[in-house]
Amino acid sequence: MRLHPPATMLVPHLSSEDCIVGGFDVPRNTMLMVNAWAIHRDPDLWADPTSFKPERFENAKQADVRGFLPFGMGRRACPGSGLGLRTMGLTLGSLIQCFDWKRIDKEEINMVEGRGTLVPMAIPLEVQCKVRPIINKIFA
Ligand code: HEM
């Protein structure tokens with residue numbers, strides 16, 4: 001969600017009147033886009049910004065995590081963030097618990113992003129999965 005936010009530029013916003021955002025004059029009818037991707041990698045906000053270190057968020061209160069906005073922020077922030085986060089946890093947990101996974105090649109996983117609104121991987125990760133018997137208990 002930090003290094004590869006699904007909505008890299010969030011959702012475009014249009015100013016209904018002249019306003020000032022972050023010290024910048026924004027005339028009426030301006031389309032404003034927020035580059036969450038860049039903010040999530042800003043070295044002024046994140047130590048070692050391009051490294052994947054989920055432990056950064058351990059014990060962090062929401063207010064301590066500056067510059068993390070995969071769901072936007074403020075009045076027009078995503079109202080589905082709670083559902084989205086829970087669904088991701090449930091999906092990931094189910095994939096790990098219910099399947100055995102095997103890489104097809106031995107290359108290091110390439111996380112370079114491809115083109116597209118929801119930033120797919122440029123080089124897709126190919127894996128084989130085999131269903132585990134526990135799936136019968138979970139989805140029975
Ligand atoms: C991981 C999952 C999700 C991500 C990353 C995500 C991300 C976002 C982002 C970035 C925005 C724009 C915020 C802004 O422009 O400031 C947004 C808006 C919105 N999202 Fe999500 N979202 C997710 C899941 C959901 C779900 C599950 C729902 C509904 C069940 C939902 C409903 C909405 C709605 C209705 C808006 C428009 C809010 C408004 O304009 O006032 N989203 N979402």
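Remember, it's 1-based here, ligands and their atoms both numbered in the order they're listed.
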Practice task
Check whether any N or O atom of Arg76, backbone or side chain, sits under 3.5 Å from an N or O atom of ligand 1, and answer yes or no.
Solution key: yes
Problem - N/O separation below 3.5 Å, Arg75 to ligand 1 - result: no
Handout entry: Parallel, tilted or perpendicular: ring planes of Trp46 versus Phe57, cut at 30 and 60 degrees
Key = tilted
Within a strict 4.5 Å, meaning less than it, do heavy atoms of the [X] and [Y] side chains meet?
X     : Y     : answer
Val11 : Arg76 : no
Asp42 : His40 : no
Met31 : Ser15 : no

Just to confirm my output: which protein heavy-atom neighbour is closest to [atom], and how far is it?
atom                    : answer
atom 26 (C) of ligand 1 : Gly80 CA, 3.6 Å
atom 15 (O) of ligand 1 : His13 NE2, 2.6 Å
atom 4 (C) of ligand 1  : Phe71 CE2, 3.3 Å
atom 35 (C) of ligand 1 : Pro79 CG, 3.7 Å

Please list, in number order, the atoms of ligand 1 under 4.0 Å from a heavy atom of [X].
X     : answer
Leu83 : 27 (C), 30 (C)
Ala7  : 10 (C)
Pro6  : 5 (C)

Fill in the blank from the handout: Note: heavy atom closest to atom 23 (C) of ligand 1, options Gly82, Cys78, Gly84, belongs to Cys78
Problem - Asn35 side chain to Met9 backbone, donor-acceptor under 3.5 Å - result: no
Exercise for the section: Verify, without hydrogens or angle tests, whether Arg2 (side chain) and Pro49 (backbone) share a donor-acceptor contact under 3.5 angstrom. Expected result: yes
Practice task
For Asn110 and Met121, work out which heavy atoms get closest and say how close.
Solution key: O-CE, 3.4 Å
Practice task
Would you kindly specify which portion of Pro70 sits under 4.0 Å from ligand 1, judged on non-hydrogen atoms: side chain, backbone, both or neither?
Solution key: backbone
Fill in the blank from the handout: Going by the 4.0 angstrom heavy-atom rule, the piece of Val11 near ligand 1 is both
Donor-acceptor pairs under 3.5 angstrom involving side-chain atoms of residues 92-101: please list them, not counting sequence neighbours.
{"from": "Ser94", "atom 1": "OG", "to": "Leu90", "atom 2": "O", "distance (Å)": "2.7"}
{"from": "Trp101", "atom 1": "NE1", "to": "Leu95", "atom 2": "O", "distance (Å)": "2.9"}

